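Chain letters run A, B, ... following the sequence lines, proteins first and then strands; every chain starts at 1. None of the values given here were measured: they were computed from a predicted structure.
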There are 2 protein chains.
Amino acid sequence: MLEGMDDISPGAERTAGPCAEAADAADADLAFNVFAKACPSRRTLEDVTGRWGSLTLGALYEGSLRFNELRRRVDGVSEKMLSQTLHSLERDGLVHREAQPTNPPRVDYELTSLGREVAERLLSLIHFVEDRMPSVLDAQQSYDVARGAR
Amino acid sequence: MLEGMDDISPGAERTAGPCAEAADAADADLAFNVFAKACPSRRTLEDVTGRWGSLTLGALYEGSLRFNELRRRVDGVSEKMLSQTLHSLERDGLVHREAQPTNPPRVDYELTSLGREVAERLLSLIHFVEDRMPSVLDAQQSYDVARGAR
DNA sequence: CAGCATCCGTGATGATACTG
DNA sequence: CAGTATCATCACGGATGCTG
């Protein structure tokens with residue numbers, strides 16, 4: 001798989017742009033690159049794939065939900081984390097917050113169209129993982145046995 | 001009166017199955033459900049979507065890599081975290097570790113076929129996020145302005 | 001109901017040093 | 001090169017109490 005290209009530029013730090021590529025030229029003209037430490041896309045990816053971010057986006061894919069509905073759907077999330085997660089996602093433009101000045105207050109969260117596209121891809125991953133859990137569990141057991149035996 | 005197994009004792013956590021659905025009956029016959037706190041699939045999803053897990057899987061999609069190659073590709077990861085991440089992924093059956101007893105040692109990491117399928121979906125998400133970063137950055141700025149203004 | 005402020009523990013994370 | 005071990009830190013995240 002590796003031809004003469006051998007490795008990367010010798011000890012060169014590419015801090016040129018925020019998202020300079022690390023390795024070879026496969027990136028072509030990519031502007032953003034999550035593999036680069038300082039690239040803003042990494043942060044966003046973390047918001048999206050984070051512990052609660054992924055589940056929140058996944059839950060909202062089915063439709064608009066209120067704060068406590070969401071809280072119940074995303075089993076185990078605390079108020080604080082959900083609130084924080086929603087702020088991040090809203091800031092990234094993935095979730096829209098709709099507050100109604102009624103009493104008691106009612107706030108609905110829903111995906112933006114961008115958020116919806118993200119959630120689609122996320123759910124594809126989530127469903128795949130759920131689907132293959134038997135294999136994963138199997139692998140885990142083998143790994144643990146082989147390791148504990150030694 | 002039927003099977004007395006349907007106990008939903010007050011305040012009791014539904015630890016019936018590992019992945020019992022939280023709310024209504026929408027789950028049908030789902031075996032694994034990341035939205036359930038105690039479901040093993042949640043842990044696996046975290047391995048996959050985790051800060052370093054996602055980048056490691058993404059990096060390995062292009063082909064087999066050695067430890068330090070990987071370390072350079074996943075900009076910012078520490079030895080410890082990479083090692084730990086690789087162990088988790090190997091345990092989940094997503095990454096295969098091939099050690100050659102040479103001197104100096106040479107160890108190659110590559111995706112299993114399962115890992116490859118996971119990485120595909122992950123990369124779809126990653127590329128989408130990278131692609132839409134302009135929109136995200138834009139949204140962030142709007143959000144910050146609206147917030148700071150107040 | 002929807003959320004923020006605060007306190008505070010624990011575990012993830014990173015730097016360093018050491019081994020095979 | 002490919003890790004493991006150890007230690008210090010600090011942000012993540014939970015519990016509680018309060019507000020609108």
Side-chain angles (χ1 to χ4, degrees), chain A residues 2 6-8 10-11 37-38 42-43 45-56 59-60 64-91 95-110 143 147 150, chain B residues 11 13 23 37-38 42-56 59-60 64-91 95-110 143 147 150:
Chain A
L2 359 119
D6 45 74
D7 60 335
I8 8 250
K37 185 162 73 169
R42 183 178 283 193
R43 184 76 191 273
L45 183 67
E46 279 167 21
D47 287 342
V48 168
T49 60
R51 194 170 175 193
W52 303 121
S54 58
L55 296 177
T56 300
L60 285 174
S64 169
L65 289 174
R66 300 173 62 177
F67 189 82
N68 281 308
E69 286 175 336
L70 210 37
R71 193 148 135 59
R72 256 163 292 157
R73 258 195 98 47
V74 181
D75 190 21
V77 69
S78 66
E79 265 184 16
K80 181 183 170 181
M81 282 302 102
L82 181 56
S83 174
Q84 191 171 300
T85 299
L86 285 168
H87 279 314
S88 295
L89 296 176
E90 190 192 354
R91 191 175 103 98
V95 164
H96 175 69
R97 179 179 185 276
E98 180 105 25
Q100 284 164 45
T102 64
N103 189 329
R106 176 188 179 105
V107 181
D108 288 275
Y109 292 93
E110 63 182 343
Y143 182 92
R147 244 196 160 224
R150 179 182 316 166
Chain B
E13 334 213 338
K37 185 161 76 170
R42 183 178 283 194
R43 183 76 190 274
T44 300
L45 182 66
E46 279 168 21
D47 287 343
V48 167
T49 61
R51 193 169 174 195
W52 303 121
S54 58
L55 296 177
T56 300
L60 285 174
S64 169
L65 288 174
R66 300 173 62 176
F67 188 83
N68 281 308
E69 287 175 336
L70 210 36
R71 193 149 134 59
R72 258 163 296 169
R73 243 184 115 42
V74 181
D75 189 21
V77 70
S78 67
E79 273 182 11
K80 181 182 170 182
M81 281 303 102
L82 181 56
S83 174
Q84 192 172 301
T85 299
L86 285 167
H87 279 313
S88 295
L89 295 176
E90 190 192 354
R91 191 175 103 99
V95 164
H96 175 69
R97 180 179 184 275
E98 180 103 25
Q100 284 164 45
T102 64
N103 189 328
R106 178 190 178 104
V107 181
D108 288 274
Y109 291 93
E110 62 183 343
Y143 183 93
R147 244 194 161 224
R150 165 182 330 166

Distance in angstrom units between Gln100(A) CD and dG3(C) P, rounded: 12 Å
Only distances under 3.5 Å count here; give the side-chain donor-acceptor pairs of residues 46-55 of chain A to other protein atoms, sequence neighbours excluded, each with its distance to 0.1 Å.
residue	atom	partner	partner atom	Å
Thr49(A)	OG1	Leu45(A)	O	2.7
Thr49(A)	OG1	Thr49(B)	O	3.2
Ser54(A)	OG	Gly50(A)	O	3.1

Validation row: Val77(A), Arg71(A) side chains within 4.5 angstrom (heavy atoms): yes
Interatomic distance where CG belongs to Leu86(B) and C1' belongs to dA2(D) [whole Å]: 11 Å
Non-hydrogen atoms of Arg97(A) and Val107(A) that approach each other most closely: CG-CG1, 3.8 Å
Length of the line joining Arg72(A):CZ and dC1(C):P, which is rounded to integer Å: 8 Å
Interatomic distance, Arg106(A) CZ vs dC1(C) C1' [rounded to whole Å]: 10 Å
Close side-chain approach of Val74(B) and Thr85(B), heavy atoms under 4.5 Å: no
Point-to-point distance, once rounded to the nearest 0.5 Å, from CD of Glu69(B) to CG of Asp108(B): 7.5 Å
From Leu60(B) atom CG to Leu89(B) atom CG, the distance as rounded to the nearest 0.5 Å: 8.5 Å
Between C1' of dT13(C) and CD of Gln84(B), the distance in whole Å: 8 Å
OP1 or OP2 of dC1(D) under 4.0 Å from side-chain N/O of Tyr109(B): no
Separation of Leu65(A) CG from Arg72(A) CZ (nearest 0.5 Å): 9.5 Å
Phosphate-side-chain proximity, His87(A) and dC4(C), N/O vs OP1/OP2 below 4.0 Å: yes
pair Glu79(B)-Phe67(B): side-chain heavy atoms closer than 4.5 Å: yes
Separation of dA15(C) C1' from Leu82(B) CG (nearest whole Å): 16 Å
Minimum-distance nucleotide to Phe67(B) side chain [options: dC1(C), dG3(C), dA2(D)]: dA2(D)
Presence of Arg66(A) side-chain N/O under 4.0 Å of dA2(C) phosphate oxygens OP1/OP2: yes
Donor-acceptor under 3.5 Å (Arg42(B) side chain, Ala38(B) main chain): no
Integer-rounded Å distance: dC1(C) C1' and Glu69(A) CD: 11 Å
Annotated protein contacts, base or backbone, on nucleotides 15-20 of chain D with a non-hydrogen cut-off under 4.0 Å, one of B, S, - each: B-B--B
Considering all heavy atoms, the nearest Gly76(B)-Lys37(A) contact: CA-CD, 3.7 Å
Proximity to the side chain of Met81(B) - top-ranked nucleotide from dA2(C), dT4(D), dG14(C): dG14(C)
Phosphate OP1/OP2 of dG13(D) contacted by Arg51(A) side-chain N/O (<4.0 Å): yes
Touch class at under 4.0 angstrom, heavy-atom based, for Arg71(B) against every strand present: nothing
Between the first and last five pairs of the helix from dC1(C)-dG20(D) to dG20(C)-dC1(D), the angle of the axes, rounded to 10 degrees: 50°
Closest to side chain of Ser83(B), choosing from dT4(D), dA2(D), dC4(C): dT4(D)
Nearest-angstrom distance from the residue atom CD of Glu46(A) to P of dA11(D): 14 Å
